[in-house]
Amino acid sequence: MQALTVAGKLDSLAALREYVREATAEAGLEAKPTYHLVLAVDEVATNIITHGYEEADLSGDVIIQARIEETSLTISLEDSGVPFDPRERPDPSNLDDPLETRDIGGLGIYLTLHNVDRFDYVWKDGKNHNIFVMNRPNSA
């Protein structure tokens, strides 16, 4: 699929979600893995925009690219915001605690890392590269 470049603004999230839905449809993913992938990409993109750009008083784009292969669908997000490897965020330790007693933050990243088949991160050439991989049906 052709890459899509959007402004690093919260208003761009809908376009990113739609791109992922189109890619999952083209790759033949079922409803549950589609939901998980859309949620994961949305969470990371929201963090890129909010923490990597807005809170750092930076502006930039988010580039999304889908690659459909025989056994997998790979979605990559590229941005020039503040470097951040989501894998370095510790898992929330208090998931069974009542909401009002839990620490804020971290749940979205936790869901991202645990609901895709593979997640990778690379900092290269001054850019963040977040890479989400979902296995295609009948490719096991």
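No continuous path of hydrophobic side-chain contacts links Val133 to Ile64 [ILVMFWY only; heavy atoms under 4.5 Å]. When hydrophobic clusters are built by joining Ile, Leu, Val, Met, Phe, Trp and Tyr residues whose side-chain heavy atoms come closer than 4.5 Å, directly or via intermediates, Ile63 is not grouped with Leu37. A single hydrophobic cluster is not seen to contain both Val122 and Val116; linkage of ILVMFWY side chains at heavy-atom distances under 4.5 Å, directly or through other members, places them apart. Linking ILVMFWY residues whenever their side-chain heavy atoms come closer than 4.5 Å, directly or via other members, leaves Leu16 and Ile131 in distinct clusters. A chain of hydrophobic side-chain contacts below 4.5 Å, direct or via other Ile, Leu, Val, Met, Phe, Trp or Tyr residues, connects Met1 to Val62.
Between Asp85 and Arg87, at least one side-chain N (NZ, or NE/NH1/NH2) sits under 4.0 Å from a carboxylate O, which counts as a salt bridge.
Scanning both residues, Leu73 and Ala66, for their nearest heavy atoms gives CD1-CB, 4.2 Å. In terms of heavy-atom proximity, Gly52 sits nearest to Leu58 at O-CD1, 3.6 Å. For the residue pair Gly28 and Pro137, the shortest heavy atom distance occurs at O-CG, 3.1 Å. Closest approach of Leu10 and Ile49 over heavy atoms only: N-CG2, 3.6 Å. Nearest approach of Ala27 to Ile68, heavy atoms of both residues: N-CD1, 4.0 Å.
Remark: the backbone N or O of Asn47 is not paired with any side-chain donor or acceptor of Thr50 at under 3.5 angstrom. Within the 3.5 Å criterion, the main-chain N or O of Ile75 finds no donor-acceptor partner in the side chain of Arg67. The closest donor-acceptor contact from the side chain of Ser12 to the backbone of Gly8 lies at 3.5 Å or more, if one exists at all. Proximity of a side-chain donor or acceptor of Tyr53 to a complementary backbone N or O of Asp61 within less than 3.5 Å is detected. With hydrogens and angles ignored, the 3.5 Å screen pairs a side-chain donor or acceptor of Asn128 with a backbone N or O of Val82.
You'll find the side chain of Val6 stays beyond 4.5 Å of the side chain of Tyr19, heavy atoms only. Residues His129 and Leu77 form no side-chain contact, since every pair of their non-hydrogen atoms from C-beta on lies 4.5 Å or further apart. Side-chain contact between Phe132 and Val20 is absent, with no heavy-atom pair separated by less than 4.5 Å.
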Would you sort out whether Leu29 and Asn135 count as a side chain to side chain contact (heavy atoms under 4.5 Å, CB included), showing the intermediate values?
-> CA-CA 8 Å; Leu29 265 63; Asn135 296 329; over 6 Å; no
Could you walk me through whether Arg136 and Thr71 pass side chain to side chain contact (heavy atoms under 4.5 Å, CB included), step by step?
-> CA-CA 5 Å; Arg136 293 184 65 197; Thr71 60; 5.8 Å; no
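Note: Ile48 CD1 to Glu78 CD = 10.0 Å, rounded to the nearest 0.5 Å. Note that the CG atom of Leu39 and the CZ atom of Arg17 stand 10.5 Å from one another [nearest 0.5 Å]. Rounded to the nearest 0.5 Å, atoms CZ (Arg21) and OH (Tyr35) are 10.5 Å apart. For the atom pair CZ of Phe84 and OH of Tyr121, the computed distance is 9.0 Å after rounding to the nearest 0.5 Å. Here Glu30 contributes atom CD and His36 contributes atom NE2; the two are 12.5 Å apart, rounded to the nearest 0.5 Å. Expressed to the nearest 0.5 Å, how far OG1 of Thr5 lies from CD of Gln2 amounts to 9.0 Å.
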